[in-house]
Asker: 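Sharing a structure below in structure tokens format, with a few things to ask.
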There are 4 protein chains.
Amino acid sequence: MASPSPPDASRRSSTARQSILKAARELVLSVGYSQLTIEGIAAKAGVGKQTIYRWWPSKGAVVFEAFLAAEGGAGTAPDLPDTGNIERDLKTVLRATVEELCDPSFDAAFRGMAAEIQGDTELAKQLVQTLLGPQTQAIVRRLEGAQRAKQIRRSIDLDVATELLFGPIFRRWLLRMGPLDLAFADSVVALALRAIRPDRKR
Amino acid sequence: MASPSPPDASRRSSTARQSILKAARELVLSVGYSQLTIEGIAAKAGVGKQTIYRWWPSKGAVVFEAFLAAEGGAGTAPDLPDTGNIERDLKTVLRATVEELCDPSFDAAFRGMAAEIQGDTELAKQLVQTLLGPQTQAIVRRLEGAQRAKQIRRSIDLDVATELLFGPIFRRWLLRMGPLDLAFADSVVALALRAIRPDRKR
Amino acid sequence: MASPSPPDASRRSSTARQSILKAARELVLSVGYSQLTIEGIAAKAGVGKQTIYRWWPSKGAVVFEAFLAAEGGAGTAPDLPDTGNIERDLKTVLRATVEELCDPSFDAAFRGMAAEIQGDTELAKQLVQTLLGPQTQAIVRRLEGAQRAKQIRRSIDLDVATELLFGPIFRRWLLRMGPLDLAFADSVVALALRAIRPDRKR
Amino acid sequence: MASPSPPDASRRSSTARQSILKAARELVLSVGYSQLTIEGIAAKAGVGKQTIYRWWPSKGAVVFEAFLAAEGGAGTAPDLPDTGNIERDLKTVLRATVEELCDPSFDAAFRGMAAEIQGDTELAKQLVQTLLGPQTQAIVRRLEGAQRAKQIRRSIDLDVATELLFGPIFRRWLLRMGPLDLAFADSVVALALRAIRPDRKR
DNA sequence: CGATAATCGAGACGGTACGTCAGGTCTTGGC
DNA sequence: GCCAAGACCTGACGTACCGTCTCGATTATCG
């Protein structure tokens with residue numbers, strides 16, 4: 001089932017693309033994701049609607065690219081800092097995450113994405129592959145290092161450990177369940193570390 | 001300027017209310033939350049649109065009442081089982097939560113709510129008060145019991161501990177980040193418990 | 001094959017209807033039929049597009065009602081003048097027709113209709129029934145009177161005779177084939193009458 | 001400000017031209033004039049849109065050339081048959097006209113043109129010069145012959161007489177006012193001839 | 001027990017945005 | 001430099017729902 005006439009990316013106008021993404025970014029911030037419309041983006045970007053529909057399947061995809069994919073292409077995430085002290089490093093990362101989630105611009109965009117993927121599995125897959133997956137894997141890599149350094153027990157399932165770190169943050173944020181601040185991030189790290197560090201003298 | 005004519009709840013037609021909630025429930029399951037419309041509910045319920053707008057402020061509120069408020073009114077949640085074994089009890093609860101999230105009917109409705117609260121703080125507050133808060137507090141109460149029974153350290157912040165339990169589950173589910181099954185629930189409980197149980201001979 | 005939900009004419013807003021027809025009339029005159037759009041009518045009338053689509057199937061139907069059906073409902077046309085002098089009466093009618101066709105307002109509207117019915121048989125039927133048919137039949141009735149008064153031969157097919165009168169006028173006008181003025185109308189009547197009047201002394 | 005780049009007819013690709021006209025012809029027949037699009041023609045002809053816009057000003061002009069101009073260049077029309085019997089000759093011509101108008105292929109194209117010229121005076125002029133004018137003039141020439149042969153009165157205005165012949169045919173056809181068949185053509189000729197032939201013994 | 005007032009089903013209304021289609025212009029690469 | 005291909009901006013299409021409004025026709029209290 002081939003698509004009827006796949007657009008030829010080599011002919012794609014990069015000025016149009018840039019102004020669409022710029023307009024999307026600005027509009028998410030000024031009116032919020034749920035008030036965002038394709039027509040609004042097109043008008044603000046000085047672009048025909050068709051030019052948006054030609055290259056993106058949905059408004060979610062546009063915003064995704066505008067905000068999130070900008071951060072460095074697909075599938076790569078920088079390694080975490082490694083000071084040798086796993087607790088310090090994890091706190092650094094979770095604090096950064098909290099600050100990002102509290103940044104109004106990122107907040108608006110990512111909340112929109114979160115809402116969108118509840119009804120759009122395709123977009124969800126893309127989001128996980130491009131953004132959440134790499135972030136998670138970077139944590140896992142750092143934990144592996146800590147494991148080798150005997151700061152974390154051998155037997156720990158690092159995927160679950162990572163959920164223990166990120167899960168609390170995202171739950172508070174997505175479900176608006178409570179204050180989300182640096183202190184909370186520190187508490188989570190402290191507690192989670194207790195779960196995974198080696199027993200001393202047991 | 002008095003409010004034009006505040007709805008008089010005593011005159012409310014209960015058959016209309018019931019058929020609206022029933023229609024909402026059926027439609028969420030058959031077409032999904034995002035495809036749900038007020039007009040669709042009204043048509044299926046054999047009800048005028050105004051009858052919906054008179055009593056609910058938004059489609060989110062209707063679905064909220066149709067699915068979630070049904071479970072027992074506002075603010076109360078049953079206590080957790082208490083077998084004396086905190087690990088067993090927590091596993092029971094988290095397994096139940098996972099199964100609920102995997103139930104198609106609950107999944108569709110709750111995903112809709114999750115999407116909606118990203119842009120509707122009012123609904124978010126209601127959801128937290130009615131559903132998520134009580135669930136969380138029930139866990140906290142059980143943990144307090146365990147604390148008294150010396151199964152959990154005194155110094156633990158039980159709110160953070162609860163996040164450690166629920167956070168991983170909700171992150172996997174909301175962000176569609178990975179397999180969500182009973183084994184995962186067990187792993188989370190096992191790991192989280194390590195974080196909060198008393199040190200032995202340390 | 002019933003239409004899904006036929007609009008209930010009793011609920012129809014007469015102010016909306018009137019402003020739509022008024023806007024259509026003004027726009028045909030100011031921008032011409034082919035530049036006319038449903039959106040333009042709706043905007044000028046201060047009306048939702050759906051309100052137009054609810055009651056009319058096409059822009060042709062709106063204009064038809066705006067201009068032509070206004071003239072007195074369906075299927076009735078006033079009788080021709082009858083002075084006893086068939087030539088004088090026919091000249092009166094054909095002159096009036098020519099003047100109507102030369103009136104800019106009628107010209108624009110009727111040209112639009114003429115264009116439209118080339119591709120819309122349904123509208124064509126309506127136009128013939130409501131406007132052209134009655135006009136033609138009025139002529140036929142007058143000719144019958146003349147026949148009874150021995151001013152026209154018995155054996156003449158009055159339908160063909162009527163075409164002989166109107167055909168030349170419409171051809172010149174529709175196909176823009178030549179000057180269309182009162183003198184031409186008179187010539188046509190004079191010539192056509194020669195075809196249908198009784199032979200004298202033959 | 002010089003004209004940007006006047007098309008140089010000498011460089012014109014004749015294969016492109018031919019396939020455009022062929023595609024136009026086929027599409028008018030298969031989808032009808034009003035459903036015809038420039039894009040459709042270009043796609044069917046395997047031609048860029050610009051190639052059409054370069055050489056024709058409008059879709060009407062393409063169809064005009066595809067169908068009508070094909071019949072023999074500009075401004076010339078073959079003389080009518082002249083058997084010496086004016087009635088027979090006119091019947092031959094009007095019958096041929098009726099048959100042409102009833103031919104589906106010609107019908108579709110010419111109806112499109114008729115619709116188009118209601119809003120495009122330029123095209124109207126071209127159509128009259130190339131097609132309708134010559135046809136009319138051929139009739140006039142034949143009538144002149146008949147006049148010289150005393151079959152038609154001296155005093156008759158032959159232009160009006162020609163309208164008496166063609167007008168009825170075109171009115172029935174363009175306005176879809178009634179059955180258009182050979183018998184009607186014969187009736188028109190018979191009646192019109194009564195209008196223009198010499199009085200006998202009057 | 002009848003007046004009266006709010007609710008009810010229904011759906012028309014003025015709007016906004018949708019996603020599609022075609023128009024006519026402009027750009028790119030190949031011949 | 002014409003050509004095919006097709007991206008681009010524009011603007012209209014016809015549809016879906018929104019939330020408000022207006023209609024009788026039930027109810028269901030209250031004088």
Side-chain angles (χ1 to χ4, degrees), chain A residues 5-13 15-17 35-40 42-43 45-55 57-59, chain B residues 4-13 15-17 19 35-43 45-55 57-59, chain C residues 5-13 15-17 19 35-40 42-43 45-55 57-59, chain D residues 4-5 7-13 15-16 19 35-40 42-43 45-55 57-59:
Chain A
S5 61
D8 176 357
S10 75
R11 290 201 177 288
R12 185 168 189 179
S13 156
T15 67
R17 178 168 177 276
Q35 307 301 324
L36 185 66
T37 66
I38 298 277
E39 292 207 329
V47 140
K49 276 199 286 182
Q50 202 62 50
T51 301
I52 299 182
Y53 284 113
R54 182 152 37 231
W55 302 108
S58 66
K59 104 179 174 182
Chain B
S5 63
D8 175 358
S10 73
R11 280 181 174 278
R12 183 169 190 178
S13 156
T15 66
R17 179 169 176 275
S19 45
Q35 307 301 323
L36 185 66
T37 66
I38 297 278
E39 294 208 327
I41 298 174
V47 140
K49 279 199 288 178
Q50 198 62 260
T51 302
I52 298 181
Y53 283 111
R54 188 155 29 231
W55 303 108
S58 67
K59 111 179 171 181
Chain C
S5 61
D8 176 357
S10 76
R11 290 202 176 288
R12 185 168 188 179
S13 156
T15 66
R17 180 168 176 275
S19 42
Q35 307 301 322
L36 184 67
T37 66
I38 297 277
E39 292 208 329
V47 139
K49 275 197 288 180
Q50 201 62 50
T51 301
I52 300 182
Y53 284 113
R54 184 152 36 230
W55 303 108
S58 66
K59 103 178 175 181
Chain D
S5 62
D8 176 357
S10 73
R11 281 184 169 273
R12 184 168 189 178
S13 156
T15 67
S19 45
Q35 308 300 323
L36 185 66
T37 65
I38 296 277
E39 296 207 327
V47 142
K49 281 200 285 180
Q50 199 60 261
T51 303
I52 299 181
Y53 283 111
R54 186 154 31 230
W55 303 108
S58 67
K59 111 179 170 181

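Only this structure's heavy atoms are used, side chains among them; waters, hydrogens and symmetry mates stay out. A note on names: the letters A, B, ... follow the listed sequences, proteins ahead of strands, and every chain is numbered from 1.
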Asker: To check you understand the geometry: which heavy-atom pair defines the closest contact between D/Leu36 and D/Lys59, and what is its length?
Answerer: O-NZ, 3.1 Å

Asker: Provide the closest heavy-atom pair for D/Ser19 versus D/Ala45 in the form atom of the first, atom of the second, distance.
Answerer: O-CB, 3.4 Å

Asker: Return a single string for nucleotides 26-31 of chain F, one symbol per nucleotide in 5' to 3' order, where B is base contact, S is sugar-phosphate-only contact and - is none, cutoff 4.0 angstrom on heavy atoms.
Answerer: --B---

Asker: Show the nearest heavy-atom pair for residues C/Ile38 and C/Ile52, with the distance to one decimal.
Answerer: O-CD1, 3.9 Å

Asker: When you check the phosphate oxygens OP1 and OP2 of F/dA7, does a side-chain N or O of A/Thr51 lie under 4.0 Å from one of them?
Answerer: no

Asker: Specify the closest pair of heavy atoms between C/Gly48 and C/Ala42, including all atoms of both residues, with the distance to one decimal.
Answerer: C-CB, 4.3 Å

Asker: B/Ile52 has an atom CD1; how far is it from atom P of E/dT7, in whole Å?
Answerer: 16 Å

Asker: With a 4.0 Å limit, can you tell me whether D/Trp55 has a side-chain N or O closer than that to the phosphate oxygens OP1/OP2 of F/dC3?
Answerer: yes

Asker: If you find the nucleotide of DNA chain E closest to B/Arg12 and the one closest to D/Ser58, which residue's nucleotide is nearer the 5' end?
Answerer: B/Arg12

Asker: Taking 4.0 Å as the cut-off, does a side-chain nitrogen or oxygen of D/Arg54 come that near to OP1 or OP2 on F/dC3?
Answerer: yes

Asker: For nucleotides 12-15 of chain F, print each protein N/O atom paired with a nucleotide N/O atom at under 3.5 Å, atom names and distance only.
Answerer:
| unit_1 | atom_1 | unit_2 | atom_2 | d |
| --- | --- | --- | --- | --- |
| F/dC13 | OP1 | C/Ile38 | N | 3.0 |
| F/dC13 | OP2 | C/Ile38 | N | 3.3 |
| F/dC13 | OP2 | C/Glu39 | N | 3.0 |
| F/dG14 | OP2 | C/Tyr53 | OH | 2.4 |
| F/dG14 | O5' | C/Tyr53 | OH | 3.4 |
| F/dG14 | N7 | C/Lys49 | NZ | 3.0 |
| F/dG14 | O6 | C/Lys49 | NZ | 2.7 |

Asker: Heavy-atom nearest nucleotide on DNA chain E for B/Arg17 versus C/Asp8: which residue maps closer to 5'?
Answerer: B/Arg17

Asker: With a distance cut-off below 6.0 Å to the six-membered ring centre and an angular limit of 45° from the axis, does C/Arg12 pair with C/Trp55 as a cation-pi contact?
Answerer: yes

Asker: With side chains defined as the heavy atoms from C-beta onward, is the minimum distance between A/Thr51 and A/Arg54 less than 4.5 Å?
Answerer: yes

